[in-house]
Protein chains: 2
Amino acid sequence: MKKKTVYVLEDEKNIQQLIKFNLENNGYDVFCFSTGKEFFLGLSRIIPSIILLDIMLPDTDGYVILSRLKSDPHYHGIPVIMITAKKEEFDKVLGLEMGSDDYITKPFSVKELLARVKVVLRRTENISIYPTGKIEYKDLVMDIDKHEFYRNNQLIKLSMKEFSLLEIFLRNPGKVYTRNQLLEQIWGFDYFGESRTVDVHIRYLRMHIGDENGRYIETIRGMGYKLAE
Amino acid sequence: MKKKTVYVLEDEKNIQQLIKFNLENNGYDVFCFSTGKEFFLGLSRIIPSIILLDIMLPDTDGYVILSRLKSDPHYHGIPVIMITAKKEEFDKVLGLEMGSDDYITKPFSVKELLARVKVVLRRTENISIYPTGKIEYKDLVMDIDKHEFYRNNQLIKLSMKEFSLLEIFLRNPGKVYTRNQLLEQIWGFDYFGESRTVDVHIRYLRMHIGDENGRYIETIRGMGYKLAE
DNA sequence: AGTTATTTTCAAGAAAGTTTGAAGAAGGTG
DNA sequence: CACCTTCTTCAAACTTTCTTGAAAATAACT
């Protein structure tokens, strides 16, 4: 399973250490930031799976960070756990209803921290952004719930990557996707690999769905691929 | 769509009112109870779609109620959201790992309450909440009332986890469930363990129902498991 | 037709995901 | 308490999928 990335925005170094050490021991990739500036810089490079956000910060207020995160379409889907020191602060979190997914009050136990992170990740992971059900196009049918694909009512087995690729195409027939767009959507923002990889998977996909000379998946030279209309 | 029924076990009248008013405004049927006794009386008449359960109760402890619910085959399928007032209570919820589906802390916002109820219901809606009767699929028969499972009219003994797993699969033949979804539904949101555990139970299940090379329970690599069609 | 840029194909090693075996923990029961 | 069942964890074996580099093929351009 791919490692989950955790961003920690917390100015107290010893708490940073504590969080980093324990989360890393439990299989997470952890990046700590002390200021909002650094934090947003990091965010523009790698999108984390979850953010732990302290309210008290030297340069910015934690609430400001949170509202900025939640109002930005790129980031508003990332679950956030607020770390608060005082009970009053905690009340404010609730009062503001700013969309944090959970909160922890200092002092917290390591077990509590791990539990919350895990729970929030599991909860948000199970909420699919995309609608489920069936997608149909010509003689191609994709059943998302059952993770099955049919051509001419015939079940065809596809690997994960092939399935994801085809799903993207089927959701937008005719729309051209560049290799980088596909990489970003399927492999994730933080994937460091060749864009040639996409080609190979396109080939497997074509092979499996019996796509003689790009009748379904069309190559747009210099651009990328699309579902032929 | 038929209205969903919500049971609320909460002794503070004003919170009862708040919950009732808001849920009813959003199309739910709501019944409030102040004591465990009343609650179980109601339960014996109508099985709700979801239960909101406060920890602090006058006559019984919320944990007792929960464990009683989860150990009763008639009720263990009903999703439960715990309502906790204090941080310590929440820790206890986590510590006990009793299999509740979500939690919410007082004071909570109405928005949050509605969101949680909706999410939990959506997650469990494919699973019939009326835990009675028989489910049949091919030569597999599951008698929920008696908690028995038959293959080819032959009684097969299954453990609790195996039974629950199979029940989920049988209620939605062909639908793929990720390990996390299974964990959430069977083990509860508060479960703090490896998702590998699911694999092992799948293995036992396969073993017991005599499932040679995944003829019944199919592995969808990179996704999870499903009942083969 | 020749040149260049881009895509496809191939094959093999790497990586990821799943199954299996086995042992220990937890829980229930007589 | 000893016994039995069920549950959880771990690591090794295994299987399938993914990635990558290089060569071959194709298309575009002069």
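Note that the coordinates shown come from a computational prediction; the quantities given were computed from them, not determined experimentally. We name chains A, B, ... by the order of the sequence lines, and we start the count at 1 in each one.
- Nearest-nucleotide positions on DNA chain C for A/Ile202 and B/Ile202 put A/Ile202 closer to the 5' end.
- Side chains of B/Arg116 and B/Tyr103: a donor-acceptor N/O pair is absent below 3.5 angstrom, by distance only.
- Here B/Phe163 and B/Phe149 keep their ring centres 6.0 angstrom or further from each other.
- Minimum atom distance to the side chain of A/Glu162 is reached by D/dC18, of the listed D/dT9, D/dC18, C/dT18.
- OP1 and OP2 of C/dT7 both lie 4.0 Å or more from every side-chain N or O belonging to A/Tyr225.
- For the pair A/Thr197 and D/dC18, the criterion of a side-chain N or O lying under 4.0 Å from OP1 or OP2 is not met.
- Backbone-only contact: B/Ile220 has heavy atoms under 4.0 Å from sugar-phosphate atoms and none from a base.
- Donor-acceptor pairing under 3.5 Å, judged by distance alone, is present between the side chain of A/Tyr204 and the base of D/dT19.
- Rounded to a whole Å, the CD atom of B/Glu218 is 13 Å from the P atom of D/dT16.
- Remark: C1' of D/dC18 and CE of A/Met160 are 13 Å apart, rounded to the nearest angstrom.
- Taking atom CZ of A/Phe192 as the reference point, atom C1' of D/dC18 lies 18 Å away to the nearest angstrom.
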Next on the checklist: Treating primed atoms plus P, OP1 and OP2 as sugar-phosphate and everything else as base, which nucleotides of nucleotides 21-30 of chain D get B, S or - for protein heavy atoms under 4.0 Å?
Outcome noted: -----BBS--

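- How far CZ of A/Arg206 is from OH of A/Tyr225: 6.0 Å, rounded to the nearest 0.5 Å.
- Classification of B/Arg179 and B/Asp199 as a salt-bridged pair holds, one side-chain N sitting under 4.0 Å from a carboxylate O.
- When the side-chain nitrogen and oxygen atoms of A/Thr219 are compared with OP1 and OP2 of C/dT6, none of them lie within a distance under 4.0 Å.
- When the shell of 6.0 Å around CG of B/Asn153 is examined, it contains 12 or fewer heavy atoms from other residues, nucleotides or ligands.
- The side chain of A/Trp187 contributes an N or O atom lying less than 4.0 Å from OP1 or OP2 of D/dT19.
- Across the interface with DNA chain D, nearest-nucleotide mapping of A/His201 and B/Arg203 shows B/Arg203 to be the residue nearer the 5′ end.
- Counting only N and O atoms by type, the side chains of A/Asn22 and A/Tyr28 include no donor and acceptor under 3.5 Å apart.
- In this model, the phosphate group of D/dT6 is approached by a side-chain N or O of B/Lys157 to a distance below 4.0 Å at OP1 or OP2.
- In this structure, the separation between CD1 on B/Ile51 and OH on B/Tyr75 is 9.0 Å, given to the nearest 0.5 Å.
- Atom CD1 of A/Ile186 is separated from atom C1' of D/dT19 by 15 Å (rounded to the nearest Å).
- C/dA11 atom P lies 12 Å from atom CE of A/Met207, rounded to whole Å.
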Next on the checklist: Applying side chain to side chain donor-acceptor pair (under 3.5 Å) to B/Glu162 and B/His208, what does each step give before you reach the verdict?
Outcome noted: CA-CA 9 Å; B/Glu162 288 156 37; B/His208 285 133; 2.7 Å; yes

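- Between A/Asp199 atom CG and C/dT6 atom C1' there is a gap of 9 Å when expressed in whole angstrom units.
- Note: CD1 (B/Ile217) to P (C/dT18) measures 15 Å, nearest angstrom.
- Heavy atoms of A/Tyr191 sit under 4.0 angstrom from primed sugar atoms or phosphate atoms, though from no base atom.
- Summarising the geometry, the separation between NE2 on A/His208 and C1' on D/dT16 is reported as 11 Å, rounded to the nearest angstrom.
- Residue A/Ser159 is classed as a sugar-phosphate contact, given heavy-atom separations below 4.0 Å to backbone atoms only.
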